[in-house]
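Report on the structure given below.
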Amino acid sequence: MVSARDVLESVINRVSVFKNKEVLYPEYVPKRLPHREEQLRKLAEIYKVMITAPGSASMRAMLVGGVGVGKTATARVFGRELRALAREHGIELRYVHVNCHRDRTLYEVVAEIVRQIGAPVPLRGLSPREMMLALMNFMEKNDIYALVTLDEFDYFVSVAGNDAVYFIVRLYDEYPDVKKRISFLFIARDLSSLSYLDPTTESYILKHVIKFDPYKSKELFDILAARRDEAFYEGTVDDEVLQYIADMEGVDKGGQGNARAAIEALLLAGEAADYEGSHKVTIEHVRKAFSHVHEDVVRVSEVLPYLQLHELLILKAAINVLKRKSEPYARIGEVEEEYRNICTIYGVEPRKHTQVYEYVNNLKKMGVIEAKVSGKGFRGRSTLISIYMPLDALEKQVDSLIEKKLCGRPAGAK
Ligand SMILES: Nc1ncnc2c1ncn2[C@@H]1O[C@H](COP(=O)(O)OP(=O)(O)O)[C@@H](O)[C@H]1O
Ligand SMILES: [Mg+2]
């Protein structure tokens with residue numbers, strides 16, 4: 001019989017196929033970006049004035065494309081390289097990356113820019129405009145420039161609205177004579193959300209649009225190969241394994257062309273190999289992995305870390321109700337009731353009804369849940385909530401995020 005100690009020792013001592021697993025995590029910024037040279041070149045054309053004639057103009061451009069096509073990675077890599085190059089020219093240029101799923105209002109966005117630049121501006125008691133002016137003063141005094149990326153900008157447009165967007169985009173219109181120390185880069189999944197804006201603001205943003213197409217199988221192979229070499233021990237992942245993933249995901253082979261899903265499949269396949277104690281990652285491990293990387297779960301897993309605690313609790317409530325009912329829709333009343341139960345279990349104060357409603361709306365806007373208003377039933381109209389993806393996979397992620405949020409909480413806080 002195998003003793004508990006043997007099991008422990010074999011797990012602890014087992015060699016892994018991974019040399020550096022973090023390279024496969026979504027937040028990792030890659031060293032190189034195969035097949036995005038064209039986009040990087042366009043960015044360089046637009047923002048080169050920040051190095052050749054700093055302060056002369058505030059530039060704006062928009063990256064557009066679906067999920068997992070490298071928009072965020074390209075912005076970060078560009079920002080990293082631009083900063084390094086500026087330094088060589090004796091220019092202090094900061095790169096600021098704001099995710100609008102987390103920072104949703106104008107106030108939050110400006111406060112986040114202030115925080116990342118490290119300006120000593122009080123974040124309480126000031127309006128966004130006052131904060132921004134203080135920031136601009138600080139940058140002037142210390143001779144600092146910044147490229148500010150607003151990622152998931154379509155979400156900001158739909159939540160913060162026209163005036164907020166106007167404020168950001170037309171920042172320097174009021175002060176034509178000051179040095180233009182801040183340039184902006186916007187990232188969006190599609191341009192339809194911008195039709196909410198007034199036409200001048202829209203045309204201001206759409207001056208330079210850089211498109212990102214879904215990846216072809218061949219391109220995904222190159223991206224995967226670069227990651228493999230950094231993440232795995234040599235000889236543990238053969239080319240045919242990468243080719244298999246690339247063919248599953250490549251847009252020219254009927255896939256979504258999503259590099260995030262491809263890299264995640266490689267990570268999960270490696271973990272499956274480790275779990276079995278195998279020294280090689282096989283096609284069979286990839287098959288197992290793919291059963292876990294449902295397209296929509298991958299898409300949503302990008303949004304989940306930015307949800308607030310109570311949004312996660314409501315999402316968990318919706319999952320619970322849908323699992324119990326085996327019907328496609330859950331009534332918002334049922335979800336709210338379940339949410340209150342969950343709050344009791346976790347020992348947190350539930351939010352008021354109107355706030356719950358707003359959270360449900362946010363979850364819908366972010367594409368995590370579907371919500372529609374029912375036809376008039378005998379209890380009147382009601383909002384119906386649905387989730388179009390495997391609930392188990394989603395639940396696992398939601399649970400671990402809730403736990404993380406609750407652990408990080410100061411004792412006694414709500
Ligand atoms: N051309 C590329 N080269 C290397 N890695 C890439 C490339 N494109 C995307 N990735 C990786 O794929 C994942 C998804 O890319 P991301 O930039 O987050 O996509 P998007 O922001 O368009 O949804 C990230 O892990 C990213 O590092
Ligand atoms: Mg992104």
Side-chain angles (χ1 to χ4, degrees), residues 22-51 59-86 93-102 113 116 145-156 182-191 193-194 205-227 230-231 246 249-251 256-264 266 298-299 301-303 305-306:
E22 287 75 36
V23 166
L24 301 174
Y25 292 169
E27 58 274 14
Y28 175 79
V29 182
K31 293 205 175 85
R32 293 189 321 111
L33 281 176
H35 304 292
R36 288 302 181 221
E37 294 84 3
E38 177 66 19
Q39 283 82 358
L40 284 167
R41 201 183 54 70
K42 285 186 178 150
L43 283 169
E45 285 291 340
I46 295 164
Y47 293 101
K48 69 179 179 206
V49 299
M50 296 190 79
I51 288 177
M59 304 307 293
R60 286 166 304 269
M62 170 77 102
L63 309 183
V64 179
V67 179
V69 294
K71 303 181 301 296
T72 299
T74 300
R76 285 191 183 279
V77 167
F78 180 72
R80 181 180 71 198
E81 301 303 322
L82 188 71
R83 178 173 191 176
L85 195 67
L93 192 159
R94 306 280 175 80
Y95 177 71
V96 173
H97 194 103
V98 180
N99 187 305
C100 298
H101 278 157
R102 181 179 10 224
I113 298 171
Q116 286 191 32
Y145 296 86
L147 173 60
V148 174
T149 293
L150 299 186
D151 203 342
E152 312 292 356
F153 187 65
D154 15 13
Y155 187 72
F156 182 75
I182 305 176
S183 284
F184 289 98
L185 176 58
F186 307 107
I187 301 181
R189 296 190 190 179
D190 67 83
L191 297 177
S193 64
L194 299 182
I205 296 175
L206 297 184
K207 205 156 151 216
H208 300 287
V209 174
I210 302 177
K211 251 189 87 190
F212 285 65
D213 289 325
Y215 288 113
K216 298 197 183 79
S217 160
K218 164 93 191 43
E219 296 170 329
L220 287 175
F221 179 87
D222 295 338
I223 292 169
L224 288 168
R227 288 294 163 104
E230 280 186 68
E249 201 44 55
V251 69
Q256 305 285 320
N258 177 338
R260 171 182 289 265
I263 293 169
E264 174 131 352
L266 185 58
V298 172
R299 177 178 59 77
S301 67
E302 192 184 0
V303 178
Y306 300 112

Nearest heavy-atom approach of Pro30 to Ala73 is CD-CB, 4.4 Å

Under 3.5 Å donor-acceptor, Gln116 side chain and Ile113 backbone
no

Stepwise side chain to side chain contact (heavy atoms under 4.5 Å, CB included) test for Arg94 and Tyr145:
CA-CA 6 Å; Arg94 306 280 175 80; Tyr145 296 86; over 6 Å; no

Mind listing the closest non-hydrogen atom pair of Ala146 and Met50 along with its distance?
O-CE, 3.4 Å

Any donor-acceptor pair under 3.5 Å from Tyr306 side chain to Cys100 backbone:
no

Are Tyr215 and Ile223 packed together at the side-chain level, in the sense that at least one heavy-atom pair is separated by less than 4.5 angstrom?
yes

Heavy-atom distance under 4.5 Å between the side chains of Thr149 and Val98, does that happen here?
no

Distance (rounded to the nearest 0.5 Å) between Leu43 CG and Ile210 CD1:
4.0 Å

Rounded at 0.5 Å granularity, tell me how far OG1 in Thr74 sits from CG in Leu40.
5.5 Å

Donor-acceptor contact present, side-chain Lys71 to main-chain Gly65, <3.5 Å
yes

When you measure from the side chain of Arg227 to the backbone N and O of Val23, does any donor-acceptor pair fall under 3.5 Å?
yes

Would you call His97 and Leu150 a side-chain contact if the rule is heavy atoms closer than 4.5 Å?
no

Nearest atoms (heavy-atom pairs only) where Leu220 meets Ala262
CD2-CB, 4.3 Å

Let me see the working for Arg36 and Val69 under side chain to side chain contact (heavy atoms under 4.5 Å, CB included), right down to the final yes or no.
CA-CA 9 Å; Arg36 288 302 181 221; Val69 294; 3.8 Å; yes

For the CZ atom on Arg80, are there more than 12 heavy atoms of other groups (residues, nucleotides or ligands in this structure) within a distance under 6.0 Å?
yes

Mind checking the CD1-NZ spacing from Ile46 to Lys207? Nearest 0.5 Å is all I need.
9.5 Å

Between Arg41 and Glu38, does any NZ, NE, NH1 or NH2 come within less than 4.0 Å of an OD or OE carboxylate oxygen?
yes

Do the side chains of His208 and Arg60 get nearer than 4.5 Å, heavy atoms only?
no

Are Asp151 and Phe153 side-chain neighbours, meaning at least one heavy-atom pair lies under 4.5 Å?
no

Between Leu194 and Met62, is the side chain to side chain contact (heavy atoms under 4.5 Å, CB included) condition met? List the steps.
CA-CA 11 Å; Leu194 299 182; Met62 170 77 102; 3.4 Å; yes

Testing the basics here: between Ala75 and Ile187, what is the closest heavy-atom pair and its distance to 0.1 Å?
CB-CD1, 3.8 Å

Among all residues two or more places apart in sequence or in another chain, which pass the side chain to side chain contact (heavy atoms under 4.5 Å, CB included) test with Glu302?
Val67, Glu152, Arg189, Arg260

Just so I know, are the side chains of Pro34 and Glu219 near enough to count as touching, which here means a heavy-atom distance under 4.5 Å?
no

Just verifying a value: how many Å separate Phe78 CZ and Tyr47 OH, rounded to the nearest 0.5 Å?
7.5 Å

Glu230 and Tyr28: CA distance, side-chain angles, deciding distance, side-chain hydrogen bond (donor to acceptor under 3.5 Å, both in side chains) verdict
CA-CA 12 Å; Glu230 280 186 68; Tyr28 175 79; 2.5 Å; yes

Using the side chain to side chain contact (heavy atoms under 4.5 Å, CB included) rule, take Leu266 and Leu24 through it: C-alpha gap first, then chi angles, then the decisive distance, then the call.
CA-CA 8 Å; Leu266 185 58; Leu24 301 174; 4.2 Å; yes

Rounding to 0.5 Å, atoms CG (Leu93) and CG (Leu82) come to a distance of 5.0 Å

If you round to the nearest 0.5 Å, how far is CD of Glu249 from CG of Leu224?
9.5 Å

Student check: side-chain heavy atoms of Lys211 and Leu63 closer than 4.5 Å:
no

Using a 4.5 Å cut-off on heavy atoms from C-beta on, say whether the side chain of Met59 contacts that of Val49.
yes

